[in-house]
There are 2 protein chains.
Amino acid sequence: MASSIHDLARHLNISIGTVSRALNGRADVNADTRKRVLEAARELNYSPNQSGRSLRQGATRSIAFMLQPHPGDQQYGEPFFIPFLTGLQARLAEYDLDLMVVMGEPGQYQQERLRRVVETRRADAVVLANTRREDDRIDYLSKAGFPFATLGRSQSGGDTYPSLDIDFERAGDEAVDRLVARGHRRIAAIRPSHDLNFGYLFLDGYRKALRRHGIEVDPGLIADGFINEAGGYQVTPRVMLSNDRPTAIIFNNDAMALGGCKALAEMGIRPGHDIAVIVIVDTPLCRYFSPALTAFRPSLEPMGRRLAEMLLASLPAFAGEEGPHIMHEVWPLELIARESD
Amino acid sequence: MASSIHDLARHLNISIGTVSRALNGRADVNADTRKRVLEAARELNYSPNQSGRSLRQGATRSIAFMLQPHPGDQQYGEPFFIPFLTGLQARLAEYDLDLMVVMGEPGQYQQERLRRVVETRRADAVVLANTRREDDRIDYLSKAGFPFATLGRSQSGGDTYPSLDIDFERAGDEAVDRLVARGHRRIAAIRPSHDLNFGYLFLDGYRKALRRHGIEVDPGLIADGFINEAGGYQVTPRVMLSNDRPTAIIFNNDAMALGGCKALAEMGIRPGHDIAVIVIVDTPLCRYFSPALTAFRPSLEPMGRRLAEMLLASLPAFAGEEGPHIMHEVWPLELIARESD
DNA sequence: CGTTTTTCCGTAAACGTTTACGACAACACA
DNA sequence: TGTGTTGTCGTAAACGTTTACGGAAAAACG
């Protein structure tokens, strides 16, 4: 079962060097011997031992995906990440690369896990998610010169790594556009705290659209909260306290929207009737909620595949003929109109 | 940055053997030299190279989690697996083990991915999910003598591997119990096809409970379908065609229940009013659906941790003092009573 | 003081690959 | 025939560890 390159060599009475070259498609091996080697490999059920390969080549052929949980989040952004992970894994598999998933507790612990991966060279590169505006993981990786790519932008690290993000700014902008077109002028925005970068991007788009429509930005209509249901539940009433109540709310997270709707229900306010609700980013939860929530949806699986490509293109060892180059892409979201706005 | 054991040895002017023994806590090394080695290791920022270690020890210190998608399922059982994966990963991390996630396309392809992991020795053991009644992955792994554990039981492979499962039989039983207590006698059961083992277990419990209550099992009230929303949508009407319509339906999957409810809605039948609906297994979707679906909920994160423990205990290399032993556990579900029954 | 035991360390092999280098034969060419 | 070229292969080192083995010095013992 555990046949090595030595077994093949002994079996064929040739040297291990020739066997290796034959298997790796090198030019300097006779066509006939190559055929014999490949036959023997099939016969003896040979597969190269990855540990031996990794050691010699200095590359593990595996990529680590680091999932940093939001503070207070038990669910790791579920179900946002599964389709992304699916796409990422699919593309990596095409390059014969494995995917390592590293989670870890919220906060500091993730840094330790990251260091471990980097220092013990358990992976050739790292994919980061849940990027913060200032992200110490990015600082660490840039400083260490370890290859990585991010799902989400950050202000850390400069232009040294590939990144792929959703266009939260445009989604915030379009959400306001849509609401204004439907007659709303008092539009609230609820977003996550904790320096998550997309919260800033969303708010930029929100503000820009308001100004374009000549609507003054009212700080009393903007609130930050924990990025989970409890956070939405807790923070939504704050925005409704204004004596000039908003007629619409844009939630920058699905879980927060769910919690917010619960709070609204307790206040006797019905989304879709008494108030308009739009969610950025859509998940299956939005669809099955009652009323079904109008939401902006990203293409997560293609994004996963794309980020894998971008990361690979930035790795000298995997890139095509052209040298390594850093790319940044921002993908649009699609509006899924439902009942809540 | 990439300091090796040789660097330490050179720096301290001792041999690499001694350095290695010092780092690994061997007894035959002077207390003073050990201290000097550990200091130098910190100073030179040394971490052992995992590839070197793997090669020498014949163990990669990583476990592969194989997620076999259901046929026609784009979502990999989302969001069922995230909490399980979280628990699994957490416990493995405590043992300094990495988690590799392998997905692959539905069907045959998964076998290839599995062979690759096993033959190239990319992982020390494998965790299987979505077990079939007859599971060729289990057959393959047993025959190959490769260590593994499963989430879910199977008829394949005998008693040679640890397994952890939810008590679907009891959940089916209790669901019937609850419905009968509420006056129902015509109770339908909708479960996934494709040989998924839990569908059989569920039906066993369903039948047992019916018989206990003196209710004849009506084959016209049992239907199999694809394990997704479309499957539930397609198959539910079949059960409603009976001239003696059921007054309750137990769905053996959340997505199928969602699709089933859509079909019911189109027939003008309201869950929670005109018909009782119970779901096995609960996901967040059940909670936010309208009406909120009564469902049985497993403890997925603790289950992930537990299965990691069971797997590790069966591995000679990681077990405590006692030898390897195979365990099987079946965990109960908790009924979450909501509005649909 | 001689012998045995203990303590500590260095040497070298091994894990399974890949690859730089050189050797040798066959062949081509002048 | 001598020289250069090409094709094919073997040798051996290297990647970074761990560990069996033996040896030297120190300690213990008679």
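A note on names: the letters A, B, ... follow the listed sequences, proteins ahead of strands, and every chain is numbered from 1.
Here B/G58 lies out of heavy-atom contact (under 4.0 Å) with every strand. Here B/S4 lies in heavy-atom contact (under 4.0 Å) with sugar-phosphate atoms only. Nucleic acid contact for A/I16: base, since at least one base atom lies under 4.0 Å from a heavy atom of the residue.
The outermost nucleotides of DNA chain C lying under 4.0 Å from heavy atoms of chain A, listed 5' to 3', are C/dG16 to C/dA20.
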Anything under 3.5 Å between a donor and an acceptor, one on a side chain of residues 35-42 of chain B, the other on a protein residue two or more places apart or in another chain? List them.
| unit_1 | atom_1 | unit_2 | atom_2 | d |
| --- | --- | --- | --- | --- |
| B/R36 | NH2 | B/L12 | O | 3.4 |

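Within the 4.5 Å cutoff, no side-chain heavy atoms of B/L128 are placed close to those of B/F65. With contacts defined as side-chain heavy-atom distances shorter than 4.5 Å, the pair B/W331/B/P302 qualifies.
In summary, B/R122 and A/D96 engage in a salt bridge, as defined by a charged side-chain N under 4.0 Å from a carboxylate O.
Side chain to side chain, B/S51 and B/S54 fail the donor-acceptor criterion of an N or O pair below 3.5 Å. Between the side chains of A/H328 and A/D165, not a single donor N or O lies within less than 3.5 Å of an accepting N or O.
In the region residues 46-54 of chain B, proximity to DNA chain D at under 4.0 angstrom, judged on heavy atoms, holds for B/Y46, B/S47, B/P48, B/N49, B/G52, B/R53. Of the residues in residues 23-35 of chain A, A/D28, A/V29, A/N30, A/T33 come within less than 4.0 Å of DNA chain D through at least one heavy atom, sorted by number.
A sub-4.0 Å separation between OP1 or OP2 of D/dG10 and a side-chain N or O of A/T18 is present.
Every residue meeting the side chain to side chain contact (heavy atoms under 4.5 Å, CB included) condition with A/R91, not counting sequence neighbours, appears here in chain and number order: A/E94, A/Y95, A/R305, A/A308, A/E309.
Between A/S142 and A/T160, the shortest heavy-atom distance links the atoms OG-OG1, 4.1 Å.
Expressed to the nearest 0.5 Å, how far CG of A/L97 lies from CG of A/D124 amounts to 7.0 Å. In this structure, A/M100 CE and B/D98 CG are separated by 4.0 Å, a value rounded to the nearest 0.5 Å. Atom OG of A/S154 sits about 9.0 Å away from atom CZ of A/R137, to the nearest 0.5 Å.
Rounded to 10 degrees, the angle separating the terminal helix axes of the helix from C/dC1-D/dG30 to C/dA30-D/dT1, each built from five base pairs, is 50°.
Between the side chain of B/R121 and the main chain of B/E119, a donor-acceptor pair closer than 3.5 Å is present. For the pair A/Q111 (side chain) and A/D136 (backbone), a donor-acceptor distance under 3.5 Å is present.
If you find the closest nucleotide of DNA chain C to B/Q57 and to B/G17, the one lying nearer the 5' end belongs to B/G17.
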